[in-house]
Amino acid sequence: MTTPTVNHTSPALPLRPELAHEEPYGAPQLDVPVLLNVNENPYAPSDAVVATIAADVAEAARGLNRYPDREFLGLRGDLAAYLLKESGVALQAEQVWAANGSNEVMLHLLQAFGGPGRTVVSFAPTYSMYPEYARDTHTRWVAGRRNDDFTLDVAHAVEVIEREQPSVILLTSPNNPTGTALPLDVVEAVLDAAARVHVPDAPAGAGAVVVVDEAYAEFRREGTPSALGLLADRPNLAVSRTMSKAFGAAGMRLGYLAASTRLVDALRVVRLPYHLSAVTQAAARAALKHTDELMAQIGSLRDERDALVVWLREQGFTVADTDANFVLFGMFADRHAVWQGLLDRGVLIREVGPAGWLRVSVGTPQETAAFREALTDVQKELR
Ligand SMILES: *Cc1c(COP(=O)(O)O)cnc(C)c1O
């Protein structure tokens with residue numbers, strides 16, 4: 001598979017000027033034996049999961065002459081039940097929203113709460129897609145910074161929020177590409193600052209919306225909390241999750257969030273009619289019937305991650321603490337040469353993050369072994 005590039009030459013089209021030199025996202029999709037580049041779950045769904053999905057999708061297919069359930073409260077209720085099991089936080093189905101990947105959930109958030117004349121603030125290094133959603137919704141993008149160890153300094157965060165008066169603040173925890181989780185006191189300080197924001201064209205006292213992107217939450221280490229626990233007292237908070245990573249269903253395209261019913265109702269205004277197909281709804285609900293099996297697997301991926309961190313440190317690399325299913329490591333004078341050397345040995349990782357760092361996803365034990373061997377080999381060659 002190759003990624004086609006955009007033809008920027010003739011004939012001219014009335015393209016929005018800010019899109020003139022943009023390329024489509026993103027990560028190379030290459031056909032190599034060991035894929036450790038986009039933080040997928042390395043384990044394909046089990047036969048039992050596949051069988052349930054096949055049966056439930058077949059049932060849904062009988063009704064495909066009709067538009068799907070626009071409100072999909074069945075799926076939203078199942079997701080709420082999953083969050084209760086995973087995080088111990090009880091939510092109503094009406095407090096959950098879903099779309100085709102948490103990428104679309106994020107787009108809904110910016111369509112509802114961003115827009116022309118408004119600002120979204122985040123803290124870099126962070127997920128490379130956010131500025132694109134901002135661009136696509138005509139929202140001004142402002143990135144504050146994280147500390148050298150990728151934690152977030154509360155004083156700096158508050159200063160950026162007070163200066164920029166954003167309508168949306170995006171926090172990522174665990175952060176991509178660094179793996180850093182935010183302590184809840186940092187999230188609460190940001191929520192407090194958000195409550196003091198005056199969005200110029202919003203009702204007085206509205207404050208900013210705070211989104212905590214928890215795409216990797218299931219991989220968090222013992223003792224690392226989820227921001228879901230803050231929802232009860234915080235009507236402006238949205239916590240987004242996805243079935244793409246821990247749940248092992250990146251191909252399904254199902255992302256979701258939990259928030260106050262009022263916040264969710266605002267997203268219902270901007271979604272396309274029938275945005276979530278009946279097939280997607282059925283497949284997601286079928287996979288959620290196997291939650292216990294999937295949650296058991298997450299434990300072994302966490303152990304694999306922790307062992308990889310230890311090994312990389314033993315080799316003398318600098319490794320960012322990680323609560324996700326990937327590891328950011330360095331520092332390399334020429335990271336591209338290392339990335340290429342690994343690719344030449346059949347191991348695809350991601351050249352992403354601040355200069356000098358590389359990111360590797362946690363694979364099966366066999367894949368991780370192949371990565372360790374290839375990296376050792378590349379280091380010898382480049383020395
Ligand atoms: C992978 C990832 C997502 C998930 O995107 P989906 O559209 O749900 O596949 C969201 N946020 C971050 C930070 C990610 O790394």
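For this chain, numbers begin at 1 and follow the sequence in order. We count ligands from 1, going down the list as the structure has it; atoms in each ligand are counted the same way.
Atom numbering of ligand 1 starts at 1 in the shown order; those under 4.0 Å from a heavy atom of S244 are 6 (P), 8 (O), 9 (O). Near N176, the atoms of ligand 1 lying under 4.0 angstrom from a non-hydrogen atom of the residue are 13 (C), 14 (C), 15 (O). Near T172, with a cut-off below 4.0 Å to any heavy atom, the atoms of ligand 1 are 13 (C). The G101 neighbourhood of ligand 1 comprises atoms 6 (P), 7 (O), 8 (O), with distances under 4.0 Å to a heavy atom of that residue. When each atom of ligand 1 is checked for a heavy atom of R253 under 4.0 Å away, the hits are 6 (P), 7 (O), 9 (O). Applying the 4.0 Å criterion to heavy atoms of A215 picks out, from ligand 1, the atoms 2 (C), 3 (C), 10 (C), 11 (N), 12 (C), 14 (C).
Atom CG of L308 and atom CG of L301 lie 12.0 Å apart (nearest 0.5 Å). Note that the CG atom of N100 and the CG atom of L107 stand 11.0 Å from one another [nearest 0.5 Å].
Between Y130 and ligand 1, a contact under 3.5 Å exists for no N or O pair. Geometrically, ligand 1 and N103 share a nitrogen or oxygen pair separated by less than 3.5 Å.
Remark: side-chain polar atoms of H156 are paired, donor with acceptor, to backbone N or O of R145 under 3.5 angstrom.
Of the charged side-chain nitrogens involved, at least one lies within less than 4.0 Å of a carboxylate oxygen, so that D265 and R268 count as a salt-bridged pair. For the pair E214 and K245, the salt-bridge criterion is not met [side-chain N within less than 4.0 Å of a carboxylate O]. Ion pair D323/R302 not flagged as a salt bridge, since none of the NZ, NE, NH1 or NH2 atoms sits closer than 4.0 Å to an Asp/Glu carboxylate oxygen.
Looking only at atom types and distance, the side chain of N39 has a donor-acceptor partner in the side chain of Y216 under 3.5 Å away.
Residue contacts with ligand 1 for K245 involve side-chain atoms from C-beta outward but no N, CA, C or O (heavy atoms, distance under 4.0 Å). Neither the backbone nor the side chain of V38 has a heavy atom within less than 4.0 Å of ligand 1. When heavy-atom distances to ligand 1 are checked against a 4.0 Å cut-off, S102 comes that close through both its backbone and its side chain.
Heavy-atom distances between N39 and ligand 1 stay at or above 4.0 Å for every pair.
For atom 11 (N) of ligand 1, the closest non-hydrogen atom of the protein is D213 OD2, 2.7 Å.
Using a 30° and 60° split on the angle between ring planes, H108 and W97 fall in the tilted class, from 30° to 60°.
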Legend entry - Verdict with reasoning, S102 to S240, per side chain to side chain donor-acceptor pair (under 3.5 Å): CA-CA 7 Å; S102 52; S240 77; 5.2 Å; no

